[in-house]
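Contents: one structure, followed by commentary.
As the structure is a computational prediction, the values presented were derived from the model and not from experiment.
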Amino acid sequence: MNENLNLKIESLWYGINLWTSCLVFLLPLRRKTHFKVRLILSGAVCVLILSGVYYFIENLTDWGYWGQVPLLFITYFSAVLIFYNCVKGKGFALWYCGVWGTMTFLLVLEASYVLCSPLLGDLGNWLLKILFSMAVNVAVGLTLARWMPEKGQYQIGPRQMVSAWVFCIMSENLFIYAKVDLGAALFNIVLQFYCITLLYLQSALFKKSSMRKELETIQLLWHQQKGQYQLSKETIELINHKCHDLKHQVQAIRAVKDEKERETYLEKIEKSVQIYSAIVRTGNEILDTILTEKSLICENSGIHISCVADGSLLAFMNPVDLYTLFRNNLRRKSHNRIKCLEILKSSLKIKVCRHFSSKKRYRRIPQNIVTDF
């Protein structure tokens, strides 16, 4: 086969192989609208770009190290572009998918080169490459690509992303050295396989850590619901007690003719129904439970709670962190107020709001969330 034609076919195969490896990790994820059109267009653009760059570098340079670095950087960003154009993701998720697509592609490409034999001829070698690539991608698509995402998405933090980039750079370096030193190609393929294995183990460990945090949250909510039940039981008993007192007070008012004495009874009734003001509604269930619990305790001890809170502003917080923050602060504050109650009547103020600062006239821009105790 003509050498120039063979190079053109290899350039085209380079781009198609990357698109295929990315497709394997695309399918289990949440897709954007017009997925098929996006997939074909992004694939065509990336194949054309990578094929052109591959052909250009092969014609101008040999397989030296610095000649391959730009190619592999463009390869990774092309993989990210395919994911960005086709699937929904946030944070580092798409960059992480690009790492998996690139590393799988490099392993398949390098292994297919090693499997080639002069005895098969050009046509036989190309058929072997295609069959091997299809077999590996199908195996990865049925296993790793389906096991790792949760509900069609990746939850990737900065630490996991940095580690993934390190593994990706290592894999790219091994690919380059395998091209420079053909005798070490098989050893480098084994190392690339280990890099992918370690990357998967890292993903499994982070997922396990996330599940442990979720379990802690569930346990916390269970204990909280248990405490809420006890609180509701105590509240009902308190309300029944107040209702019983109100019956006697109403009967007493009917027999009272003196205005001052009647006013005294009315004040007692008004104080008795203040228990209903202790029920807090902020728009956040966790915050409602904590504030209601503390409000009942404080009202029963003679401490007045003033609460102005928009609980929806705290929706971004983990329930465990939110519960710990408010419960600990309110416990300390209410305990201090109860201690000094005999000396001075006390009050407790709670404020959760969004802080605004004006950059221009008639324009208010939210800056941060302020929480005061």
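Side-chain contact between Val87 and Ile82: absent, with no pair of heavy atoms (C-beta onward) separated by less than 4.5 Å. By the 4.5 Å heavy-atom criterion applied to side chains, Ser203 and Gln160 are counted as neighbours. Taking 4.5 Å as the limit, some side-chain heavy atom of Val99 sits within range of a side-chain heavy atom of Met161. Here the side chains of Ser171 and Leu107 are not in contact, with every heavy-atom distance at 4.5 Å or above. A 4.5 Å side-chain heavy-atom check between Phe175 and Asn188 finds every atom pair outside the cut-off. Two residues are said to be in side-chain contact when any heavy atoms from C-beta on lie closer than 4.5 Å; Thr102 and Glu172 meet this criterion. Side-chain contact between Ser42 and Leu81 is absent, with no heavy-atom pair separated by less than 4.5 Å. Inter-residue side-chain proximity for Met103 and Leu199 is flagged as met; some heavy-atom pair is nearer than 4.5 Å.
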**Request:** Apply side-chain contact (heavy atoms from CB on, under 4.5 Å) to the pair Trp95 and Phe77, showing each step before the final yes or no.
**Result:** CA-CA 9 Å; Trp95 295 93; Phe77 285 111; 3.5 Å; yes
**Message:** Run Lys88 and Arg31 through side-chain contact (heavy atoms from CB on, under 4.5 Å) and show every step you take.
**Reply:** CA-CA 6 Å; Lys88 299 177 182 178; Arg31 305 169 186 178; over 6 Å; no
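Note that CG of Asn125 and CG of Leu115 are 9.5 Å apart. Values are rounded to the nearest 0.5 Å. Once rounded to the nearest 0.5 Å, the distance linking CG of Leu29 with CZ of Arg146 reads 10.5 Å. Distance check: Leu106 CG to Ile189 CD1 gives 11.0 Å after rounding to the nearest 0.5 Å. Annotation: the span from Leu18 atom CG to Leu109 atom CG amounts to 10.0 Å, rounded to 0.5 Å. The distance from atom CZ of Phe167 to atom CD1 of Ile196, rounded to the nearest 0.5 Å, is 11.0 Å. Atom OG1 in Thr197 sits 11.5 Å away from atom CD in Gln192 (nearest 0.5 Å).
Residues Met134 and Leu27 share a hydrophobic cluster, clusters being chains of Ile/Leu/Val/Met/Phe/Trp/Tyr side chains in contact below 4.5 Å. Note on Val45: it clusters hydrophobically with Tyr55, by side-chain heavy-atom contacts below 4.5 Å among ILVMFWY residues. In the hydrophobic cluster analysis, where Ile, Leu, Val, Met, Phe, Trp and Tyr join through side-chain heavy atoms closer than 4.5 angstrom, Tyr200 is grouped apart from Met211. With hydrophobic clusters built from ILVMFWY side chains whose heavy atoms lie under 4.5 angstrom apart, Trp126 does not share a cluster with Leu131. The cluster map of Ile, Leu, Val, Met, Phe, Trp and Tyr, joined by side-chain heavy atoms under 4.5 Å apart, puts Ile40 and Val24 in different clusters.
Partner of Tyr154 under the ring pair (Phe, Tyr, Trp, His ring centres under 6.0 Å) criterion, chosen from Phe25, Phe83, Tyr96, Phe92: Tyr96.
Side chain of Ser163 to backbone of Arg159: a donor-acceptor contact under 3.5 angstrom is found. At distances below 3.5 Å, at least one donor-acceptor pair connects side-chain atoms of Lys207 with backbone N or O atoms of Met148.
Heavy atoms only, all atoms of each residue included: Ser78 and Cys46 are closest at O-SG, 3.5 Å. Taking each heavy atom of Gly101 and Ser21 in turn, the nearest pair found is O-CB, 3.6 Å. Among all heavy-atom pairs drawn from Trp13 and Lys129, the shortest one is CZ2-O, 3.9 Å. Taking every heavy atom of both residues into account, Leu50 and Ile74 meet most closely at CD2-CG2, 3.9 Å. Of all non-hydrogen atoms in Met170 and Cys195, the two that sit nearest each other are CE-SG, 4.0 Å. Nearest approach of Trp19 to Leu39, heavy atoms of both residues: NE1-O, 3.4 Å.
Side chains of Asn17 and Ser133: a donor-acceptor N/O pair is present below 3.5 angstrom, by distance only. Side-chain contact annotation: Trp165 with Tyr76, donor-acceptor N/O pair under 3.5 Å present.
For Val37, the side chain to side chain contact (heavy atoms under 4.5 Å, CB included) test picks out His34, Leu41, with sequence neighbours left out. For Tyr14, the ring-ring contact (aromatic ring centres under 6.0 Å, His included) partners two or more places apart in sequence, or in a different chain, are Tyr54, Phe105.
In this structure, Phe193 places its CZ atom where only 12 or fewer heavy-atom neighbours from other residues, nucleotides or ligands lie under 6.0 Å away.
Judged by the 6.0 Å distance and 45° axis criteria, Arg38 is not positioned over the aromatic ring of Phe35.
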